[in-house]
Amino acid sequence: MQLTMLGTGHAMVTRCYNTCFVIEEEGKYFMVDGGGGNAVFGQLQSAGIPPFEIRDIFVTHKHVDHLLGVVWMMRLLARPPRPGEEKTRQEVRVYGHDEVIGLLREMVENLVLPAGVSIADTGVRMITVKDGERVEILGHPVTFFDIGSVKAKQFGFVMEIADGERLTCCGDEPCHPRIHDYARGSKWMLHEAFCLEAEEKRYHPHDKQHSTVKDACELAQSLGVQNLLLYHTEDEYLEERKRLYTEEGKKYYDGRLYVPDDLEKFTL
């Protein structure tokens, strides 16, 4: 199983793409969020991921830097098959909580599809998931959970990637105590880290419900996480981000710490 970070930046970055990623196993793909625009197609192309091989998409919440790339994906995936594609096109499942699915449905039916065509007429199936609901994706159990956001309703998920091993995606806000049991002991935890602790007074991450590198690493240490992957960062220190974030993080976390660049791949 492999994870590719399509993008690693927060909403207003200009030097990297917004945070989203793809998990792949045996030629099947699970995409989480889509960033903020049609640049998602370029990221997929650069990563060598065929869009039509993506079978499952999960949208964490309705902020534009996570949702709009999915609208572009649905424009592609929901179009009528071209000659020769009929036998190869398969159903695509798009998961999200009720607010996300409602907004996506409205946007796609009003902005993307031809008049008189509904999503039900395409190969895309919209699936509303509830807090604690469990589904199967890539042949693995996945449980969605409400992260307890105070900004916009947001879900994360935990995937059972092997016997007794879990990957937990905490969304783009600090891992709330209500979901600590999902993350505790995870083999992998994906967590946002807006900036370095030394830059806290400059970026004010806590005012935006975000973490510093120190915050995220202290949390991962307390939860016994084996591998911590940090994303949703500022991009001013992009060239030095990996070194700077790793140096700070290792002061507070003794597991394996990863600060990915866009398009970086990880074996889970």
Side-chain angles (χ1 to χ4, degrees), residues 3-23 29-52 54 56-79 92 94-97 99-113 119 124 126 147 149-157 169-174 190-195 203-205 207-211 229-238 241 259-264:
L3 183 148
T4 302
M5 290 301 308
L6 296 179
T8 56
H10 66 65
M12 302 303 291
V13 293
T14 58
R15 303 172 64 220
C16 59
Y17 193 56
N18 309 126
T19 294
C20 53
F21 60 92
V22 173
I23 298 173
Y29 298 88
F30 170 36
M31 182 174 180
V32 179
D33 290 335
N38 72 350
V40 67
F41 297 140
Q43 296 301 99
L44 288 169
Q45 183 178 52
S46 296
I49 298 172
F52 285 110
I54 294 173
D56 299 277
I57 300 174
F58 170 55
V59 188
T60 58
H61 61 300
K62 65 183 181 181
H63 287 168
V64 293
D65 56 316
H66 298 261
L67 181 82
L68 291 185
V70 176
V71 174
W72 282 98
M73 285 292 297
M74 291 184 67
R75 178 182 178 182
L76 175 70
L77 298 172
R79 68 165 172 75
V92 179
V94 180
Y95 303 89
H97 60 67
E99 293 180 8
V100 161
I101 294 299
L103 182 58
L104 265 179
R105 186 181 302 277
E106 181 179 359
M107 294 179 71
V108 171
E109 291 188 341
N110 284 280
L111 301 177
V112 172
L113 298 178
I119 293 175
V124 176
M126 309 285 285
I147 73 166
S149 172
V150 298
K151 296 189 296 184
K153 184 176 179 180
Q154 181 171 174
F155 276 20
F157 70 89
C169 170
C170 301
D172 76 348
E173 295 188 19
L190 282 61
H191 198 283
E192 54 83 31
F194 198 92
C195 65
Y203 290 108
H204 304 286
D207 296 344
K208 298 186 277 280
Q209 298 301 312
H210 291 307
S211 307
L229 190 154
L230 301 180
Y231 57 27
H232 205 267
T233 79
E234 49 76 28
D235 64 342
E236 184 166 348
Y237 298 105
L238 197 61
R241 179 179 63 180
V259 183
D261 295 319
D262 285 14
L263 303 178
E264 193 165 345

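Pro51 and Leu77 get closest at one heavy-atom pair: O-CD2, 3.7 Å. The two atoms that bring Ala47 and Leu6 nearest to each other are CB-CD2, 4.2 Å, heavy atoms only. The two atoms that bring Phe58 and Gly156 nearest to each other are CZ-O, 4.1 Å, heavy atoms only. Contact between Tyr203 and Cys195 at its shortest, heavy atoms only, is CD1-CB, 3.6 Å. Closest heavy-atom contact between Gln154 and Gly171: OE1-CA, 3.2 Å. Heavy-atom minimum distance, Ile147 versus Cys170: CG2-O, 3.7 Å.
The line from CZ of Arg15 to CG of Asp262 is 11.5 Å long, rounded to the nearest 0.5 Å. Here CG of Asp56 is found 4.5 Å from OH of Tyr95. Values are rounded to the nearest 0.5 Å. The distance from the CG atom of Leu190 to the CZ atom of Phe157 is 7.0 Å, given to the nearest 0.5 Å. Atoms NE2 and OG1, from His66 and Thr60 in turn, are 5.0 Å apart once rounded to the nearest 0.5 Å. Rounding to the nearest 0.5 Å places OH of Tyr231 at 14.0 Å from SG of Cys16. Summarising the geometry, atom OG1 belonging to Thr4 is positioned 11.0 Å from atom CZ belonging to Phe21; distances are rounded to the nearest 0.5 Å.
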For this session: Report the C-alpha separation of Ile49 and Met31 in whole Å, then their side-chain angles, then the decisive distance to 0.1 Å, and conclude whether the side-chain contact (heavy atoms from CB on, under 4.5 Å) test is met.
Result: CA-CA 10 Å; Ile49 298 172; Met31 182 174 180; over 6 Å; no
For this session: Apply the test side-chain contact (heavy atoms from CB on, under 4.5 Å) to residues Val13 and Thr8: give CA-CA distance (whole Å), side-chain angles for both, the deciding distance (0.1 Å), then the verdict.
Result: CA-CA 9 Å; Val13 293; Thr8 56; over 6 Å; no
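A side-chain contact (heavy atoms from CB on, under 4.5 Å) with Met73 is found for exactly one of Val59, Asn38, Ile54, namely Ile54.
Using a 4.5 Å cut-off on side-chain heavy atoms (C-beta onward), Leu103 and Glu99 make no contact. Between Ile119 and Met74 the shortest side-chain heavy-atom distance falls below 4.5 Å. Residues Leu67 and Met107 meet the side-chain proximity criterion, which asks for heavy atoms closer than 4.5 Å. The shortest side-chain heavy-atom distance between Lys208 and His10 does not fall under the 4.5 Å cut-off. Proximity of Val100 to Val94: side-chain heavy atoms (C-beta onward) are nowhere separated by under 4.5 Å. Between Asn18 and Gln43, every side-chain heavy-atom pair lies at or beyond the 4.5 Å cut-off. The shortest distance between side-chain heavy atoms of Ile57 and Val70 falls below 4.5 Å. Side-chain contact check for Phe52 versus Val92: every heavy-atom pair is 4.5 Å or farther apart.
Thr19 places a side-chain N or O within 3.5 Å of a backbone atom of Gly9 that can act as its donor or acceptor partner. Of the possible polar contacts, none joining the His63 side chain to the Asp65 backbone as a donor-acceptor pair under 3.5 Å is found. With hydrogens and angles disregarded, a donor-acceptor distance shorter than 3.5 Å links the side chain of Glu192 to the backbone of Ser211.
Relative orientation of the Phe194 and His210 rings is parallel, given thresholds of 30° and 60° on the angle between their planes.
A salt bridge links Arg241 with Asp261: at least one charged nitrogen is closer than 4.0 Å to a carboxylate oxygen.
For Arg75, the CZ atom is loosely surrounded, since the number of other residues' heavy atoms within 6.0 Å does not exceed 12. Around the NZ atom of Lys153, the shell of radius 6.0 Å holds more than 12 heavy atoms that belong to other residues, nucleotides or ligands.
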